[in-house]
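Reminder, nothing fancy here: chain letters follow the sequence lines and each chain counts from 1.
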Amino acid sequence: MTVKKKWTVITGFLALAAAATLLSAYSGASSSQGLRVEQPIKFVHAPHVQKAGMNCLYCHSAANKSPDPGNASVATCMGCHTLVKTTSPEIKKLAAYWNNGVNAKPIPWNRVHKVPDYVQFPHFRHVNAGVTCQSCHGQIQNQGAQGPDTNYVPVQQVNSLNMGWCINCHVNGYKPADGARAAGMPVTAELEAAPPKKARYDCAVCHY
Amino acid sequence: MQGVLGAFHHIDATVAAIKDAKARRLGDLTVYTPTINHELDDAIDAPVSVVRRFTLVGGLLGVSFGYWVAIWSSNYWPLVTGGKAIASWIPYTIIGFEMMVLVGALSTVAGMFINSRIPRLTTTTGYDARFSAGHFGVFIACDAGKAEQAEAILRQHGAVEVRREG
Amino acid sequence: MATTAAHPERVGIRGPNIASADVQLPAVRDYEQVDRDIIATLGFTKKWFLGLGIAVLAMLCGLSAWLYQIYWGLGQAGYEPPVMWGNYIITFVFWVGIGHAGTLISAILYLFRAGFRTSIYRAAEAMTVFAVMTAGLFPIIHIGRPWKFFWLLPYPNWRLLFPNFKSPLVWDVFAISTYLTISTTFLFIGLIPDIAVLRDKETNPTRKRILSILSLGWRNSDREWRHFAKAYLFLAAFSTPLVLSVHSVVSFDFAMAQTPGWHASIFPPYFVAGAIFSGFAMVWTIAIPMRKWFKLEHYITLNHLDATAKVVLFTSMVVGCAYLIEFFIAWYSGVRAEQEFFWNRVFGQWWWAAWIMLLCNMALPMSLWSQKLRRNPAWLFVLSLFINLGMWFERFVIVVPSLSHEFEPWQWGGYTPSWIDMAFLVGSFGWFFMWFLLFVKQLPVMAIAELKEIVAPRRLHGHDGGHH
Amino acid sequence: MSTEAGTGVKRREFLKILGATGATTAAVGCSSEQVGKLIPYVAHPDNTVPGVSQYYATTCRECATACGVLAEVRDGRPIKLDGNPAHAMSRGAICSTGLSAVQGLYNPDRYRSPMVREGNTLKPTTWDKALALLAQKLGEVKSRGQAGNVVFLNQHEAGTFPGFLDQWLAANGMPAHLSVDPLAPVATIAANQQAYGAAWPGLDFGAAKLVVSFGADFLDGWGHPVPQQLDWADARAKIEGAPRLVYIGARRSLTGLNADQWIPAKPGSEMALCAALTGKGTAAAAAEASGVPAGTIEALAAAITAAGSGTMALCGVTGADAVACGTMVADINKQQGAVGVTIKPAAGHGGYAGLSSFADVAAAMQKMAAGTVPLAFVRGANPAHTTPAAAGNFAQAFGKVAFKVAFSAMPDETAELCDLILPDHHWLESWGDAVGMSGQLGLQQPTLDPVFDTRATGDVLIQVAKMDQALAAKYPAADYRSWYIGKFPGGASGFTAALTKPSVAGAPLAARTAATPVPGAAPAAGTGEFFVHVFPSPTLGDGRGANKPWLQELPDPVSKIAWQSWVEIHPSTAKKLGVTEGTHLTIETAGGKVTAPAYIYLGVRPDTVAIALGQGHTAYGRFAKGVGVNAYALLAGGWDTAGGLKGKVTVAAESSPLVTTEGSARQHGRGIGQAVTLAALMGQEAEEGHGHHAIPGLPSQDFQSGLKSPIAADAQGEFADPQGKDKGMYDPAHSSKMEKRRWAMTIDLARCTGCSACVTACYSENNIPTVGAPYQGRALSPSQWDERPGANIIKGREMAWIRLERYFEGANDAETTFSADFDTRFVPMMCQHCGNAPCEPVCPVYATYHSPDGLNVQVYNRCVGTRYCSNNCPYKVRYFNWFGYGEPARRQYAWPEPMHWMLNPDVTVRGKGVMEKCTFCVQRIREAEHRARSEGQEMAADAFTTACAQACPSRAIVFGDAADENWTVAKLAYDRRAYHVFEELNTYTAVVYLKKVNHPAPASPAKG
């Protein structure tokens, strides 16, 4: 083996090792980005938001007044679905849970967006600060645009939700214009002009 | 590589042979010895090793990296501990020192490897197992033309064995 | 000699003139004998297998204790708040201390041209590497969530968080890992020419292949020797401050805290002296049986032992002086917490530990004033065991009584190690001796090439010169 | 506030919701990958917001005081109790016992369904079967005409239920029930009745100048702890005009330790003393009887005369002629004209109405023993544990009853003897009322749906009545609640309106009138060289608290011992007997004998040994069973005759370590709990001791209170320099505005009585694990676990974020001579949130650091557990998770199901291997910030406080923003008594202590 060859081999190995270290370090190892879970009922956001024009807060009623956004109760669903789309198989499932209110059962939704338990995430602080839902939850309003039957995709975790991701926004600030764009809202001039909203980023803001 | 190899049993014979071979400019010499010996050093009379330059550069790189990583990462996410300055350079001297030693020493080793052409995966021509035990060796790199003369010199100085290589 | 005079500027290239120190090996005649004697130590024996077996068992007992502790939590160890550090830190400092003699002998004594180092430094250096390997485990064993240990390293991460470089524990991480890397490199570099010797003597083709890879194709050529000598010199030059810094940094773990009994500026020199002291003791514990079993009496002569004994005597006095100064300062400071603490250490709750320490580290080594005893291997061996014990207790006395008797009287407490702690202590010795035993039968325990430097080379014409 | 409280969520869903709000179950370090369940409501209850607490007003039923409390309900389950600020008695404060009620509610050992005896074991059954069985038995009894012999033992309560119960019993032709409360100071009640014509007159400490307590432990649980302590602390806070307290008794109780003078009179000599003080006897005679120097007695008499109508003499004496003694003590008040001034018969407390004496219970026992009782009911009361053997073997007598029914919720000794268990709701699950201040009625509403398959006894009685044609007509109401509302003035609407009030005027409906209880005749004192002083535990009472780990873990305020029984003995006696701490002592009296380790205590007479009640359960759940010894065995008579015992003490060979949290009981001059004499404070004499002026050092490090103080000067480092580069969030200009706040705390040692309510409050708020249960120990060998109660505490591993240090000053040669003259310093010690925190720089991973708003933060999920921070903390207030206390899979798990329901979702449950400590209730700080921001305004001054400050019945702790002078804490930090602990270490703490004020002993002969 010639000297030249030997050195290429050795440096090659070194380069590989370095690359591996960096990759493993940067890959959000404990992130569940892209997580998608099958749900007991093929719920579709799009018709509710786009057709029915419902506000997120209609179902996630606590999102602007509690750390916990809350979720529609079965009764809330049945408020409409005793009349609407009663024949659809998915709604039949829903009706089965409700069972005309006679010892009704709650729907065991599978949690998609979950931060570790040592993270305190107050939804309402973010919502009230004007952070649009889409900034974290992605294009949730389009989920299941073609209904539950044609190429259905359940709700998905589009962002890593890992610490670096949170901190990025707390340090560099949330840009209202970007948020509005993500939410498909009109981006006005003063929105564009608005300075990014920074937030605290010392540990005890979220970890206690 | 072509040349003539002579194995010696005695130090003074080896020294004589080296001096003679050098005087006649037969070609590059390579001397083999089981251990460091000053008579040989004097006879070979080689320039000073350049390893020390590797050491200097490595040490400087190390110390600056040590300070840099400590100061940069402290300022990158400023957290006050014990009311001390965010980037307290005095304690960071320890980091600087340790990195200096680490990088400096490792580059010294690298320098030695590179200069003495190791690791070499094959023991190339002109070596004999005896040279790690009790014998001294002198290898004269020369073409067939000068080989005769070289052999003669080595024998004359009392080589226990002389052989042509390559 | 003349050539030197002729070229004064070239003195450098001659490399170290170790042979000039006047520790001779009269019983060694020529190069071949060195090869024969040293390679003779490599054969496997029943005794060796037995020893290795015991070591491995001990190591396993420590390992199982660790798994058990990780599952249940540190509560299984004997910790008794406020004594939040215990056996693990004590044993950590103990082994780091042991790990000092090696580099001291191979680096510092090398720079000082102390001839007696030649025949013992290889064994001491190996001891250093394995001792530091052992010590390095304990900080990990000791922390509450060992699986998060890597958080102490400054690696780029998506949390954008880095360790706190103001913390003595991070200094430790840097100091210990640097020390381990450098002493391992130092050991290996020194080994290269000797591995080449083994390679050339080896007949078994596979072993020969392995050895030639390990020897990096070393050919004993003048070029190799020249760079080797220079590199070795600079490694020694780097290791010297490193040795002193490592135990100073370890001592910062204590000195940087404001705990009474820890917060003392004397700690760095005091720890370094103690480290050398215990290190030499461990060298005795290893070298004295070795020279007997491996029949190396004419390589490790009584002169060698005498020289090391003098070092031990000196460091013992330094350590003793440090003890006394601690007491003086406590009294002189007028700080009530300090005074009460030291009283409690020596005459109160912890008197027994303190007096074991004083007896083993201050009193017994005084016997080395007698040359008879300095040249009596049996006594030195026994003494070395006492010193090892004493130095373990020195660390006990530093760690435990300080924490048990701090500023807040309401939180004064005690400490009793649990069976888990003992398992770890045993395990650490098992781990250390496992590596050392594997080493002594695979690689030469003495530096063949450097021994050859002391031995006079053969000459055709008469005999003289060679040595200056 | 909703009257439909608790119907919010069906119990079924609780566990599921638990899964969703995972903060309760999980531990630090669990991965974010696991997919939890997300369970919505079936039907969303009105006016509840998921993840936001609601507060329901109800009435605490843990003792006869009946304080008004607020239950903090989160997602349908109560997670914490607070005092009701609007309530006249609790005024927002609450005691340890009250706080621990949730541990009774979620107790894993509660009966989870009705049980019926099959052979020797109780087997679960259904309510239908159980009720049918009960109805059948009732039928048999009545048909056999034995209804007159039925016995009903009910825990004492003053309210409507006793009346309802008696109506029901009468309707069935059964005699009225017995109202059992072994803790009630019967003798005092009887004496009060005679002397003032009120069972419990109001005690106005505010009006008092001199309080003379004859063993009346009004800070230990005698009477009504919370209101008494509030009044006492407020009175003492008027430094100069504060009432002085003289405590007379053989043992210096918590009340005694708070007294300005302790007069250690011989037990039984109180009469003689009273005689001397009321002029009916001579001081010499009293001195003869009591062993108190005549000079002291005369001085005391003089002091009383000086105090005049400001005198308040209280009597807590039990045993021989205790009633007579009580009346004589009352005479002191009358002579001084204090009745109506300090003693207010008109504004008394109605809590003891309808109490039965032990004599009545004893009579019932005889009937049972005679085998004439066909049917016995027991509810809550636990006579099998509290009846002294000398007064008859209850278990044996009870065993003779043909059929025994228990309505008790807990498997206590008595319930375990029964044939049928019809478990009652916990009071947090049930409707009801209780009498508080006389004329006031505290209403009680459920705060959640029943945790287990239990039923309110009222409902059960009505259902059983409905099964009987004869009775059905009498009970038209569907259940107890509708029956109650039917009788309530103003009916349903009046009731709904009343529920929101802390208490309403009015007497309990159908209140039954019973004779004032009288204590049984005291038996012969017995022989022996020692007086034996048996006292109820301030934390466990007569043993009813023993099944609550918070109360077991809470060190006794005096001895600082937990999870154990102990015998108090004076150092000099101990020396004589060759006893050291932990040596087992056997006390033998006429009643019986018990053996417990010795605790050497300055505060008992050398001829007296003292032992607390409360432990020694043989049943009552995993936390109570097998812990300590039952001191009731020592009593020579009924449970109301504890006093005046004599007995022998023998030293056993063996000994066992004390489960104590005390390291050294002395401060060694370290100035942790500092005090100033009244004279010095008033500038009449130079202040001695460890003022900050005594500490050498730079002026910049000298203590300056308030905003300029180190509190505000913390977290500076290079950031003091306005020209400095970006300071991140430490920049005063940072949008987060964090830099402008300085969270700080003041603790007034002149108010603190050492009651330790703050400790329990902290456990409740911050999910602190209890570690002393017998199953939580470590392995002593691969095969054997340490199952001693409190094993972890013996190893010093208690987790209390705030602890009460109790230091003694004086009486230094107690081993040779007995001195009653020693001072006690109670110091609540928690994380001091140092500005220059020694713990911070040593952490290798920034797991602890200084937040811009002045908090010393501990980040659990970053901590790797090197424990260096704890080593470097001078205050030793950091606690390490040695085991997986938060991990259900580990045997050391601290919240066995369903106890984890009470965990605070806002606070992370710490996993093993991480450090934790006081956070200044950072979750409350954040919550207040969130609220202020949502309402779009600045946080108001004193908008919120920490759990310890909120609970404190002495109002000693004040928390707030020291950088904003509108907060109370900022004002208090300027107090002339302010100091920092270990100021000389330049830690710049955020906790400011106010020196204790030492008053001169009222009755010292020298001062005369």
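Residues C:R145 and D:K912 have side chains not in contact (no heavy-atom distance under 4.5 Å, counting atoms from C-beta outward). In this structure, the side chains of D:P844 and C:N164 stay at 4.5 Å or more apart for every pair of heavy atoms. Contact of the D:M829 side chain with the C:W410 side chain is not registered, since no non-hydrogen atoms from C-beta on lie closer than 4.5 Å. In this structure, the side chains of C:F407 and D:E984 stay at 4.5 Å or more apart for every pair of heavy atoms. Side-chain contact between D:V842 and C:L169 is absent, with no heavy-atom pair separated by less than 4.5 Å. Side-chain contact between D:R862 and C:L161 is present, with at least one heavy-atom pair separated by less than 4.5 Å.
Per-residue counts of heavy-atom pairs under 4.5 Å with chain D were compared for C:P139, C:P409, C:G73; the largest is that of C:P409. Per-residue heavy-atom pair counts under 4.5 Å with chain D were compared for C:G78, C:A65, C:A77, and the maximum is reached by C:G78. Contact count against chain C (heavy-atom pairs under 4.5 Å) is highest for D:C863 among D:C863, D:C873, D:A665. Contact count versus chain C (heavy atoms, under 4.5 Å) is highest, among D:G913, D:G884, D:S664, for D:S664. With chain C as partner, the option from D:V981, D:I794, D:L985 having the largest number of non-hydrogen pairs under 4.5 angstrom is D:L985. Comparing D:R878, D:K560, D:R806, D:R778 by how many heavy-atom pairs each has under 4.5 Å with chain C, the most go to D:R806.
Rounded to the nearest 0.5 Å, atoms CG (D:N881) and CG (C:L74) are 10.5 Å apart. One distance of note links CG of D:L780 with CD1 of C:I420; it measures 11.5 Å at 0.5 Å rounding.
Neither the backbone nor the side chain of C:F150 comes within less than 4.5 Å of any heavy atom in chain D. Looking at D:R803, only its side chain comes within 4.5 Å of chain C, counting heavy atoms on both sides. Only the backbone of D:L804 comes within contact range of chain C, judged by heavy atoms closer than 4.5 Å. Contacts between C:I70 and chain D at a heavy-atom distance below 4.5 Å involve the backbone alone (N, CA, C, O). Both the backbone and the side chain of D:F883 come within less than 4.5 Å of a heavy atom in chain C. Residue C:Y88: no heavy atom, backbone or side chain, is found under 4.5 Å from chain D. At a 4.5 Å heavy-atom cutoff, C:S402 makes no contact with chain D through either its backbone or its side chain. For chain C, the nearby part of D:Q892 is the side chain; its heavy atoms alone come within less than 4.5 Å. Contact annotation for D:R666: only backbone heavy atoms (N, CA, C, O) come within less than 4.5 Å of a heavy atom of chain C.
Counted within 6.0 Å of CH2 on C:W351, heavy atoms from surrounding residues, nucleotides or ligands total 12 or fewer; the atom is thus considered open. Heavy-atom contacts from other residues, nucleotides or ligands closer than 6.0 Å to CH2 of C:W343 number 12 or fewer.
Nearest heavy atoms, D:P841 versus C:P168: O-CD, 4.4 Å. Taking each heavy atom of D:T661 and C:Q411 in turn, the nearest pair found is O-OE1, 4.1 Å. Taking all atoms of both residues into account, the shortest heavy-atom contact from D:A779 to C:Y68 is CB-OH, 3.3 Å.
With sequence neighbours left out, the salt bridge (charged side-chain N to carboxylate O under 4.0 Å, His left out) criterion links D:E798 to no other residue. With sequence neighbours excluded, the residues that form a side-chain contact (heavy atoms from CB on, under 4.5 Å) with D:P838 are C:Q258, D:C834, D:N872, D:P874, D:T987.
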Working note: C:M84 + D:Y868, criterion side chain to side chain contact (heavy atoms under 4.5 Å, CB included); need CA distance, chi angles, decisive distance, verdict. CA-CA 8 Å; C:M84 290 279 192; D:Y868 198 167; over 6 Å; no

Could you please spell out the steps behind the salt bridge (Lys or Arg N to Asp or Glu O under 4.0 Å) verdict for D:K876 and C:E408? CA-CA 7 Å; D:K876 289 282 164 274; C:E408 174 70 283; over 6 Å; no

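With C:W419 contributing its side chain and D:P782 its backbone, the two residues share no donor-acceptor pair below 3.5 Å. Counting only distance, with no hydrogens or angles, the side chain of C:W262 and the backbone of D:N871 share no donor-acceptor pair below 3.5 Å. Under a 3.5 Å cut-off, the side chain of D:R670 and the backbone N or O of C:R336 do not form any donor-acceptor pair. C:S167 places no side-chain N or O within donor-acceptor distance of the main-chain N or O of D:V845, the cut-off being under 3.5 Å.
A donor-acceptor pair shorter than 3.5 Å cannot be found between the side chains of C:Y79 and D:R797.
You'll find the ring centres of C:W72 and D:W882 outside the 6.0 Å limit.
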